[in-house]
Amino acid sequence: MGADDGWHWNDAWIFVSAVIAERLERDRALHAALPVTGASLADVLAAADFLHHAVPTRDELEFSVRRLAGAGLLRVEDDLVEVAAAGEQLWRTRPFSGLSSAVMTMQTQLNRASGPGESEWTLDEPTYATALREYRMRLADGR
């Protein structure tokens with residue numbers, strides 16, 4: 001599965017999850033008068049679970065984020081994910097379909113846009129484990 005074999009469903013799932021996570025984080029920051037810094041990996045995992053009732057594995061998350069970041073749709077620094085300007089444009093111009101079919105709609109939009117890229121970003125096991133643990137703690141707390 002290289003960068004030249006088109007967009008996969010998981011890529012769209014992670015992209016939509018990043019959009020949702022970043023928007024929620026932006027709203028929280030604005031209401032608390034805090035700087036907007038992007039969504040954490042735990043936020044992305046939470047959004048992914050909300051959308052698909054599953055948490056992406058470390059490999060799934062790393063693979064898709066690398067492709068999305070390489071295509072200029074996401075920016076990633078450490079464990080913070082932001083939707084890049086090109087990603088915002090793609091999200092805003094998609095046919096509105098509601099959340100139940102947003103991933104399928106976005107996969108179609110991705111395939112109509114440009115192909116996936118390949119960034120150098122890596123997700124090591126300790127960083128993924130920390131994000132997963134944070135997400136699970138939030139879940140146990142009812143957040």
Side-chain angles (χ1 to χ4, degrees), residues 1-30 32 34-141 143:
M1 292 195 317
D4 60 350
D5 61 345
W7 292 103
H8 305 153
W9 186 90
N10 277 359
D11 300 326
W13 176 38
I14 298 305
F15 180 74
V16 173
S17 299
V19 169
I20 291 169
E22 186 193 46
R23 281 180 165 54
L24 288 172
E25 186 54 34
R26 186 183 313 155
D27 287 348
R28 271 187 285 231
L30 290 174
L34 297 170
V36 178
T37 59
S40 70
L41 290 175
D43 296 329
V44 175
L45 294 177
D49 192 16
F50 170 77
L51 281 172
H52 187 53
H53 305 291
V55 176
T57 66
R58 189 201 65 78
D59 290 339
E60 289 171 327
L61 187 59
E62 180 183 62
F63 182 76
S64 291
V65 168
R66 287 177 66 131
R67 292 162 55 91
L68 292 159
L73 301 173
L74 295 180
R75 286 188 304 272
V76 187
E77 188 172 322
D78 299 322
D79 73 338
L80 293 178
V81 178
E82 291 181 272
V83 179
E88 283 287 340
Q89 180 67 19
L90 185 66
W91 179 254
R92 285 192 190 125
T93 59
R94 80 198 186 288
F96 183 75
S97 62
L99 282 180
S100 63
S101 59
V103 175
M104 294 294 289
T105 301
M106 189 49 59
Q107 184 180 7
T108 300
Q109 289 300 103
L110 285 166
N111 281 313
R112 287 184 183 152
S114 61
E118 186 68 33
S119 77
E120 297 297 317
W121 182 76
T122 59
L123 177 57
D124 60 43
E125 192 60 47
T127 302
Y128 176 78
T130 298
L132 187 57
R133 188 170 41 256
E134 181 182 332
Y135 167 58
R136 287 182 175 154
M137 286 178 12
R138 290 182 196 173
L139 205 55
D141 290 343
R143 292 187 278 153

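This is a predicted model, so every value here is computed, not measured. Positions are given from 1 along the sequence.
Atom CG of L73 is separated from atom OG of S119 by 11.5 Å, given to the nearest 0.5 angstrom. For the atom pair CD of E22 and CZ of R75, the computed distance is 7.5 Å after rounding to the nearest 0.5 Å.
Residues passing the side-chain contact (heavy atoms from CB on, under 4.5 Å) test with N111 are W7, Q107, sequence neighbours excluded. Scanning for salt bridge (Lys or Arg N to Asp or Glu O under 4.0 Å) contacts around D11 gives R67, with sequence neighbours left out. Partners of Q109 according to the side-chain hydrogen bond (donor to acceptor under 3.5 Å, both in side chains) rule, which considers only residues two or more places apart in sequence or in another chain, are R112. Applying the side-chain hydrogen bond (donor to acceptor under 3.5 Å, both in side chains) criterion to R133, with sequence neighbours excluded, gives T130. With sequence neighbours excluded, the residues satisfying salt bridge (Lys or Arg N to Asp or Glu O under 4.0 Å) with E125 are R58. In terms of the side-chain hydrogen bond (donor to acceptor under 3.5 Å, both in side chains) criterion, T122 has no residue partners (sequence neighbours excluded). Considering only residues two or more places apart in sequence or on other chains, D124 meets the side-chain hydrogen bond (donor to acceptor under 3.5 Å, both in side chains) condition with T127.
For the pair S64 and I14, the tightest heavy-atom approach, listed with the atom from each and the gap, is CB-CG1, 3.7 Å. Nearest heavy-atom pair across P116 and G6 is CG-O, 3.7 Å. Smallest separation of non-hydrogen atoms from W121 and L61: CZ3-O, 4.4 Å. For the residue pair E62 and L123, the shortest heavy atom distance occurs at OE2-N, 2.8 Å.
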Which atom pairs, donor and acceptor, lie under 3.5 Å between side-chain atoms of residues 81-92 and protein residues at least two apart or in another chain?
from	atom 1	to	atom 2	distance (Å)
E88	OE1	R23	NH2	3.0
E88	OE2	R23	NH1	3.4

What pairs of donor and acceptor atoms, side-chain ones from residues 38-56 against any protein atom, are under 3.5 angstrom apart with sequence neighbours left out?
from	atom 1	to	atom 2	distance (Å)
S40	OG	A42	N	3.4
S40	OG	D43	N	3.1
S40	OG	D43	OD2	3.1
D43	OD1	R138	NH1	2.7
D43	OD1	R138	NH2	3.0
D43	OD2	S40	N	2.9
D49	OD1	A54	N	3.0
D49	OD2	Y135	OH	2.4

- Any chance you could lay out the side-chain contact (heavy atoms from CB on, under 4.5 Å) test for M106 and W13, step after step, and finish with the verdict? CA-CA 8 Å; M106 189 49 59; W13 176 38; over 6 Å; no
